[in-house]
Amino acid sequence: MLNSDFLPGYLSQSENIEELPKQSDVVIIGGGLLGTALSYYLAKAGVEVTLLERNDLNREASGTNAGSFHFQIALHQLTENMTEADDKRLVDETKLMLDAAKLWDDIEKELNADLGVHFTGGFMVAETQEELQVLRDKQRIEEAAGLETHVMTGNEMREFAPYMAPDLSGIAFCPREGHANPLLVGPAYAYRAHELGTKIRTNCEVSRIEQITGNPGYRFKVHTNRGTILCNRVVNASGAWTAELSSQLGLNLPMGLSGLHVNVTEPREFFLSSMIQHIGRRLTLKQTANNTFIIGGGWPSREEKFPLRYSNIWESAAGNAAVAVRVLPMLKDVQLVRVWSGVWAYTNDFKPILGESEKIPGYHIAMVPTGFTLGPMVSRMLAEYMTQPGTQNLLPKEFHVDR
Amino acid sequence: MKTFDLVIIGGGPAGIAAAATAANHGLEVALIDERPTLGGQIYKRVGPGFKVKKASEVGKDYYLGEKLIAELDNSKVNIYFETLVATIENSEVVVIQNGKSAERLSFRKLLISPGAYDRPVVFPGWTLPGVITAGAAQSLVKTQRVAPGSRIFFAGSGPLALAFPAQLSGYGANIVGIIEAAPRPGILKSIRIALSVLGNFDLLRDAAKYQFHLISNRIPMNYRRIIVSANGKNRVESVTHARVDKNWRVIPGTEKTVDVDALCIGYGFFPSVELFRLLGCELGYEESRGGTVVKLDEWGATTVANVFGAGDGTGISGSYVAIARGRLAALKIAVELGKISESSLSKLAAGFRKTLNRRVRFQGAINNAYEIKSGIYGLANEKTIICRCESVTLESILPVLESTIDPSVVKAYTRCGMGMCQGRNCQRQISALIAEKAKISISQITQATPRFPTKPISLGQIADSTVSSEKYFIDAE
């Protein structure tokens, strides 16, 4: 099995400075996890693909998230007064997570690469009785969908996770959850896609997608800082910039952006093999293979205009640290070494936008709010759709581009 | 929250001078330093439990420092000792004082004078115990009166490469050798330095004194030689050095090895520009002043409103320039806050401006004479550790350089710069490797996005449970 040493060579400087191809069946815009994964699955099916990335691969949300697989139902999926329809929706959403879990099971074999994939389980903690009830409610739904979770309280909880604050009202544990190294997954897809013939061009920024006629086989002319490329199909996989680029074509996507704050601490002796989340407050927390703790959970950072990265807000560090120390008291004396910030793109209903526009045939979008967990799977779904034309029903209706 | 007219970060020569001057003109001043005493590196005080009877006997710097710090004695400057600056945002400095929780100091004007740190130099064996920077050795001597070893070798370049071993030897330490990478000052260079010397005779006299001390104590001093490796099993047992060409590239076959138990490395300094970067101040690149420097106007104002800089943290210029710069910035700030009139400014500043110009001339000549050369970045072999926090070797970095010129990408793939030193030890080396590979200037390499905290801080001190989190949950993955 290859290790991470292969990654830097996925793209040599010399190939990258080669000219842009004149044409390609598919042009993918965006070299994040979705773009690279899609290029791999398409190339594997024999499709001619060119992948364009304005910066380096995997540099935005795909490489700046914490690499967790979130399969448990989280607070953003719940509504105030849950109805039976909501229960049904949550069962469907959880089933999707299970499909993603199966993909992650096999991804290292598929790409023949060590990507740091581990299934070591995940916690969801509750501080209040009300939150504990939410854990019990969601456990029932997860069970119906086939996802194993266990709710524990009192001594059972303290024995199972002795390092956690003893006065938590309860914890849920999902053995299926885990993580992979986000710095490696996208580049590994790109590396294998490249082997299969995908042309990758970085430092190649798309300025305009032009719809053209009278050139059989080509419906679009994509304008970049490195010239133009004709193609039959375009996939917009530009993450946070998906809506911006789509608005050029008159599409108004139901999505928004948020900057996210992440903390990294000094290393400590390894003891925490499972990720921790909070059902009522903003927290994701885990100890990495490097023994550092990564702490996040949706605390905001400040927007900056590209190419600047979003900047960090002290209050986010302070608030996030408070929740982390509350749940895992030993963190009190652990030093924060670094923070970073990624931009996170969400959809208004938290569902992916995936598929081909009916208004603009040939124009595809691949965008998913929980991008790391679901990214590879939705990319594979889109690749299946794109290699079997006329099969729109391969993709769930609620993911529809023109919704 | 406390509000000050002026918050000063760093209690070295620049910060102390600025604080005293500003307080004299009626400003309410806070002076922050991470150490328990003032003075910075050059005027560092002795540690707890040590007593000094007569400052002038400890050394010239100690005496000058004592005089400068005494200016604060009757002033109303609020000194925050053992206080770290975590970040600066919204005209507030977030500080962490001596084990307590974070608090905010609000400022109308900010002066940043954090000083410099020793240039880390990467060569085989640089991470062995017994290999320390000249600055660390100096701290041992200044605060604890401890010599770093019993057979001490100095490798470095610049005026301090001479001065410090002479001082150390003066305390009775056994210096077994000194190497200087620059050539012995020739006629042209001597003339250039001499021309800049008008009014700087004291400094020239100091240099002569150090040189005389080394010669009279028969300490071997070799020019045009550079450190090649520190050798030893569990700690340094010997060092190898070699002759260099004018770019400090090692000339093979000229290696010599000396038995030592301590190696002090002093190839100049890096300005500590972290806070300036965090605030978005415009920076420049001047190799002779330590690389990344801060753009300042004649009064020390940065390109960010209400933020001033002074001292070696803005570009290496030495303590005399730092003091003058600190005072000039304080005067300008006093004018901007209406404490002194615009019309009296130039008169008040005249003396400091004159000193400044004189010292800048001298320091400029010195800095140019000892400018760092590219050979300093070429000492590592494939097995040499580049990032000591994460134990990343050169051979694991080289493949990444095939596909990127972005240090952030190198960091992401190799973990270089992710450790406790926050990249201070390895980032310039990484930039140099990229620059060499891509055949571009090191000044063109972009640096990683500036982020807080500027030093590691415990989560317990950062945590603030009063910060509200909205009730919806966004998934960060």
**Student:** What are the two closest heavy atoms between A:V325 and B:G460, and how far apart are they?
**Tutor:** CG2-N, 4.5 Å
**Student:** Looking at B:F452 and A:H261, what are the two nearest heavy atoms and their distance?
**Tutor:** CZ-CE1, 3.8 Å
**Student:** Just wondering, more than 12 heavy atoms not from B:E436 lying within 6.0 Å of its CD?
**Tutor:**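 It does not: B:E436 CD has 12 such atoms or fewer within range.
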**Student:** Listed by chain and number, what are the side-chain contact (heavy atoms from CB on, under 4.5 Å) partners of A:V343, not counting sequence neighbours?
**Tutor:**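 Partners of A:V343 under the side-chain contact (heavy atoms from CB on, under 4.5 Å) test: A:E60, A:A240, A:W241, A:L257, A:Y310.
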**Student:** Is chain B contacted by the side chain of A:S341, its backbone, both, or neither, given a heavy-atom distance below 4.5 Å?
**Tutor:**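 Interface part for A:S341: both.
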**Student:** Select, from A:A322, A:A321, A:A318, the one with the greatest count of heavy-atom pairs under 4.5 Å involving chain B.
**Tutor:**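 Result: the option with the highest number of such pairs is A:A318.
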**Student:** In Å, rounded to the nearest 0.5 Å, how long is the span from CG of A:N203 to CD1 of B:I405?
**Tutor:**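 Taking CG in A:N203 and CD1 in B:I405, the distance rounds to 7.5 Å.
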**Student:** Mind checking whether A:R59 and B:V409 have side chains closer than 4.5 Å, heavy atoms only?
**Tutor:**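 With C-beta onward as the side chain, the pair touches.
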**Student:** Restricting to non-hydrogen atoms, name the atom on B:L459 and the atom on A:L331 that form the minimum distance, rounded to 0.1 Å.
**Tutor:** CB-O, 3.5 Å
**Student:** For a 4.5 angstrom cut-off between non-hydrogen side-chain atoms, does B:E89 reach A:R302?
**Tutor:** yes
**Student:** More than 12 foreign heavy atoms under 6.0 Å from CD of B:E395: is that the case here?
**Tutor:**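 For B:E395, atom CD is crowded (more than 12 foreign heavy atoms under 6.0 Å).
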**Student:** Give me the atom names and distance for the closest heavy-atom approach of B:Y413 to A:L183.
**Tutor:** CE2-O, 3.7 Å
**Student:** Would the distance check show the side chain of B:Q422 and the main-chain N or O of A:R338 forming a donor-acceptor pair, the cut-off being under 3.5 Å?
**Tutor:**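 Checked: no pair found.
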**Student:** Side chains of B:T87 and A:N312, heavy atoms from C-beta outward: is any pair under 4.5 Å?
**Tutor:** no
**Student:** Let me know if B:T449 has heavy atoms under 4.5 Å from chain A in its side chain, its backbone, both or neither.
**Tutor:** side chain
**Student:** Using non-hydrogen atoms only, which part of B:S408 is less than 4.5 Å away from chain A: side chain, backbone, both, or neither?
**Tutor:** both
**Student:** Can you tell me how far the OG1 atom of B:T404 sits from the CG atom of A:D56, to the nearest 0.5 Å?
**Tutor:**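 Taking OG1 in B:T404 and CG in A:D56, the distance rounds to 4.0 Å.
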**Student:** Distance check, rounded to the nearest 0.5 Å: B:S458 atom OG versus A:K332 atom NZ?
**Tutor:** 7.5 Å
**Student:** Using a 4.5 Å cut-off on heavy atoms from C-beta on, say whether the side chain of B:M420 contacts that of A:Q335.
**Tutor:** yes
**Student:** Of the backbone (N, CA, C, O) and the side chain (C-beta and beyond), which part of A:I295 lies under 4.5 Å from a heavy atom of chain B, both, or neither?
**Tutor:** side chain
**Student:** Which answer fits A:N290, side chain, backbone, both or neither, if we ask what part of it has an atom under 4.5 Å from a heavy atom of chain B?
**Tutor:** side chain
**Student:** Count the heavy-atom pairs under 4.5 Å between each of B:A86, B:A412, B:A463 and chain A, then report the option with the highest count.
**Tutor:** B:A463
**Student:** At their closest point, which heavy atom of B:R104 faces which heavy atom of A:W314, and how far apart are they?
**Tutor:** NH2-CD1, 3.6 Å
